[in-house]
Enquirer: 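Okay, handing you the structure first.
Atom set for the values below is all heavy atoms of this structure, side chains included, hydrogens, waters and symmetry mates excluded. One is the number of the first residue; the rest follow in order along the sequence. Ligands are counted one by one from 1 in listed order, and the atoms in each one are counted from 1 as well.
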Amino acid sequence: MNTVIGLACRECGRAYPDAPIQVCERCFGPLDVQYRYDALVGRVTRDTIAAGPRSMWRYRELLPVQGETAVGRHVGLTPLVWAPHLAKALGVREAWIKNDGVCHPTWSFKDRVVAVAVAKARELGFDTVACGSTGNLASSLAAHAAEAGMAAYILLPADLEPGKLLGALVYRPVLVAVEGTYDDVNRLSSEIADSRPWAFVNVNLRPYYTEGSKSYGFEIVEQLGWRAPDHIVVPCAAGSLYTKIWKAIKELETLRLIDGPAGTRMHAAQAAGCAPIVTMIKSDTDVLVPVRPTTIAKSIAVGNPADAYDAYRTAKASGGSAEQATDEEIVDAMLLLARTEGIFAETAGGVTVAATRKLVERGVIRRDESVVVCITGSGLKTTDALQDRVAPDVTIRPSLAAFDRALNDLQEASHGRARSYPHATAHADQGQRRGAGDG
Ligand SMILES: *Cc1c(COP(=O)(O)O)cnc(C)c1O
Ligand SMILES: [Zn+2]
């Protein structure tokens with residue numbers, strides 16, 4: 001069943017066909033995919049979804065790709081992890097980690113949006129895909145293009161983390177490093193998209209591409225047993241994932257798949273060095289002031305976010321708030337998550353955990369409530385952020401005597417000092433070695 005009606009302007013409502021169009025020609029507003037919700041009520045049920053594939057495609061009727069897709073078939077359905085130690089450290093009753101750091105195939109939630117965009121590009125007859133990226137999108141698009149047998153052109157800021165560059169190059173796209181910020185890359189992408197017959201996933205395919213983010217929200221609710229949590233904390237770059245998780249919850253309400261009124265409050269998280277959306281929400285204004293990013297959280301360093309206005313609306317509509325984290329707080333939070341729950345998130349995950357902590361401290365998230373913390377990428381992609389914060393406890397020659405002596409020294413060094421329990425505080429390890437019993 002084709003459930004897509006076409007596109008429509010978010011601002012003026014003008015209708016457009018199901019085609020690669022970026023903005024409304026009348027008012028330059030963004031375009032949204034329109035679905036036949038009335039035909040879906042009662043047809044898409046908890047049972048039909050449960051009987052679907054073990055991937056994001058179990059929600060196919062609510063995604064803009066019709067029929068079987070040959071690309072990205074294993075993306076999504078990542079773990080929602082019960083996180084009691086993190087909950088205790090943060091001071092809340094119930095915390096969950098939605099962990100897209102283990103998303104197939106490139107370890108970030110970008111696989112969801114790219115799977116939809118590349119499948120749609122094929123459906124629309126393109127043979128070439130392209131994007132401007134802060135890193136995770138580049139590797140995901142390059143991987144999916146390789147799988148689809150399509151040509152890929154990728155534009156990146158030249159100062160990107162080496163791991164992210166390599167993570168795209170391995171799939172052999174045409175990669176163009178641009179001397180400038182992501183916002184420069186984005187502007188250039190729009191100009192190229194106007195002049196070449198390419199499917200620019202985050203330009204002329206953006207209405208479809210962003211819909212892929214909804215699957216992250218659908219999964220949270222399904223994995224909680226068709227219950228929406230009290231709070232969701234989301235890292236924001238363009239602000240799209242944040243708005244689309246909210247849209248996903250609203251769609252599940254429309255299809256009557258959620259128990260009771262959802263009542264979820266949506267909170268935005270950004271790095272202090274690039275927090276234009278957080279600033280709008282906290283100062284309660286719908287006017288975006290673009291910034292020039294300076295942060296280690298490069299994957300979410302978008303100074304002029306496309307969905308800022310919508311993100312602000314999402315916070316208002318859901319009764320949500322926002323918080324930002326300094327580079328030091330980001331690293332502390334990455335270590336806290338790793339040492340409480342054994343999950344290694346990239347810098348964007350550090351932003352989310354640090355923001356969650358502040359929201360609890362402010363009393364926005366109450367201690368008797370439930371919160372889902374969104375982890376959107378793997379820590380192995382941003383190891384440089386931790387380079388001077390972790391080191392071996394000791395280096396020895398390969399003999400038992402050397403091992404015994406070293407262990408003894410370590411125990412002596414930690415004697416009389418409180419053993420640093422990883423759950424106690426994110427700062428416990430600062431400036432000191434771990435107790436010997438930790439290893
Ligand atoms: C792209 C990205 C986000 C957020 O993206 P939006 O543009 O706000 O949808 C969050 N985390 C990571 C790791 C990302 O790569
Ligand atoms: Zn319009």
Enquirer: If you count the non-hydrogen atoms of other residues, nucleotides and ligands that lie under 6.0 Å from CZ in R14, is the total more than 12?
Expert: yes
Enquirer: Using heavy-atom distances, let me know which of S299, C374, G239 sits nearest atom 8 (O) of ligand 1.
Expert: G239
Enquirer: Taking distance alone, with no angle check, do A348 and ligand 1 share an N/O pair under 3.5 Å?
Expert: no
Enquirer: What atoms in ligand 1 come closer than 4.0 Å to a heavy atom of C236?
Expert: 8 (O)
Enquirer: Which option, T376, T382, T243, owns the non-hydrogen atom nearest atom 11 (N) of ligand 1?
Expert: T376
Enquirer: Are any of the N/O atoms in K110 less than 3.5 Å from those in ligand 1?
Expert: yes
Enquirer: Classify the ring geometry between H74 and H104 as parallel (under 30°), tilted (30 to 60°) or perpendicular (over 60°).
Expert: perpendicular
Enquirer: Please could you name the atoms of ligand 1 that E346 approaches to less than 4.0 Å, counting only its heavy atoms?
Expert: 13 (C)
Enquirer: Give the contacting part of N136 toward ligand 1: side chain, backbone, both or neither, where contact means a heavy-atom distance below 4.0 Å.
Expert: side chain
Enquirer: Using 30° and 60° as the class limits, which term best fits the ring planes of Y59 and F218: parallel, tilted or perpendicular?
Expert: tilted
Enquirer: Taking non-hydrogen atoms only, is I300 closer than 4.0 angstrom to ligand 1 via side chain, backbone, both or neither?
Expert: side chain
Enquirer: Based purely on interatomic distance, does P235 place a nitrogen or oxygen under 3.5 Å from a nitrogen or oxygen of ligand 1?
Expert: no
Enquirer: Measuring from atom CZ of R265 to atom CD1 of I232, what distance do you get when rounded to the nearest 0.5 angstrom?
Expert: 12.5 Å
